[in-house]
Amino acid sequence: MNGELGSATARPGSGEFERDVHAVARLIPPGRVTSYGAIARYLGAARSSRMVGWAMNRALDADPIDTPQVHPVPAHRVVNRLGMLSGRLHFPTPTAMAERLMAEGVEVRDDRVVDFDAHFWDPSTEL
DNA sequence: AACGTGACCCTAG
DNA sequence: ACTAGGGCCACGT
């Protein structure tokens with residue numbers, strides 16, 4: 001048995017960057033949205049926007065059991081720089097992302113945030 | 001262990 | 001205006 005406490009969970013994906021991404025994502029106010037690039041820039045890794053996407057993916061995959069209530073990572077509030085819901089297919093259903101946004105008052109049409117600029121929340125500016 | 005693939009973004013032709 | 005390619009780095013095969 002891997003008597004080791006934490007080391008057993010020496011999980012490869014929980015790097016600092018990923019945690020920081022989750023932390024920032026949690027700060028996105030309901031009804032607002034931001035982009036992968038904006039988060040990456042805020043964290044000083046402007047060219048790692050792709051990794052932000054992976055971090056979001058991970059957030060959804062995370063075991064609800066492994067992490068009791070430490071989950072409020074609003075992945076639905078992160079879209080690409082054009083306001084398109086490029087990650088929708090990773091949600092339980094293809095429409096879940098749009099539905100969650102709509103529930104917060106963010107209008108979505110054709111998998112795209114309507115009036116993106118008005119809803120855009122830039123951590124570098126707002127934080 | 002190298003290779004391809006991604007919830008991206010920017011620059012250049 | 002449109003297409004192509006580079007950079008980034010974690011993951012699955």
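Just so it is clear, the values below take in all heavy atoms, side chains as well, and ignore hydrogens, waters and symmetry mates. Every chain is numbered from 1 and lettered A, B, ... according to where its sequence line falls, protein lines coming before strand lines.
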Worksheet item: Is it true that atom CG of Asp110(A) has more than 12 heavy atoms of other residues, nucleotides or ligands lying nearer than 6.0 Å?
Response: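 No, CG of Asp110(A) has 12 or fewer neighbouring heavy atoms, counting only those of other groups under 6.0 Å.
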Item to complete: Kindly check if the number of other-residue, nucleotide or ligand heavy atoms within 6.0 Å of CZ (Arg47(A)) is above 12?
Response: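 No - once you tally the heavy atoms of other residues, nucleotides and ligands closer than 6.0 Å, there are 12 at most.
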Practice prompt. Would you please test Met56(A) and His90(A) for side chain to side chain contact (heavy atoms under 4.5 Å, CB included) and show each step?
Written response: CA-CA 9 Å; Met56(A) 287 301 110; His90(A) 293 272; over 6 Å; no
Discussion item. Apply side chain to side chain contact (heavy atoms under 4.5 Å, CB included) to residues Thr34(A) and Val24(A) and explain how you reach the verdict.
Written reply: CA-CA 10 Å; Thr34(A) 191; Val24(A) 175; over 6 Å; no
d([atom1], [X]; [atom2], [N]) in whole Å:
X: Trp54(A); N: dA7(B); atom1: CH2; atom2: C1'; result: 10 Å
X: Met56(A); N: dA7(B); atom1: CE; atom2: P; result: 14 Å
X: Asn57(A); N: dG12(C); atom1: CG; atom2: P; result: 10 Å
X: Asp61(A); N: dC11(C); atom1: CG; atom2: P; result: 11 Å
X: Arg112(A); N: dA7(B); atom1: CZ; atom2: P; result: 19 Å
X: Met51(A); N: dC8(C); atom1: CE; atom2: P; result: 11 Å

Worksheet item: Is there a chain of hydrophobic side chains (I, L, V, M, F, W, Y, each step under 4.5 Å between heavy atoms) that links Val106(A) to Met102(A)?
Response: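 Yes, same cluster.
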Worksheet entry | dA7(B) to dA4(C) separation - C1' atoms, rounded to the nearest Å |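 Result for the C1' pair: 22 Å, nearest Å.
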Discussion item. Pair Val33(A), Trp121(A) - check side chain to side chain contact (heavy atoms under 4.5 Å, CB included), show working.
Written reply: CA-CA 6 Å; Val33(A) 292; Trp121(A) 181 86; over 6 Å; no
Practice prompt. Spell out protein contact along nucleotides 8-13 of chain B as letters: B when the base is contacted, S when just the sugar-phosphate is, - when no protein heavy atom is under 4.0 Å; keep the 5' to 3' order.
Written response: BSS---
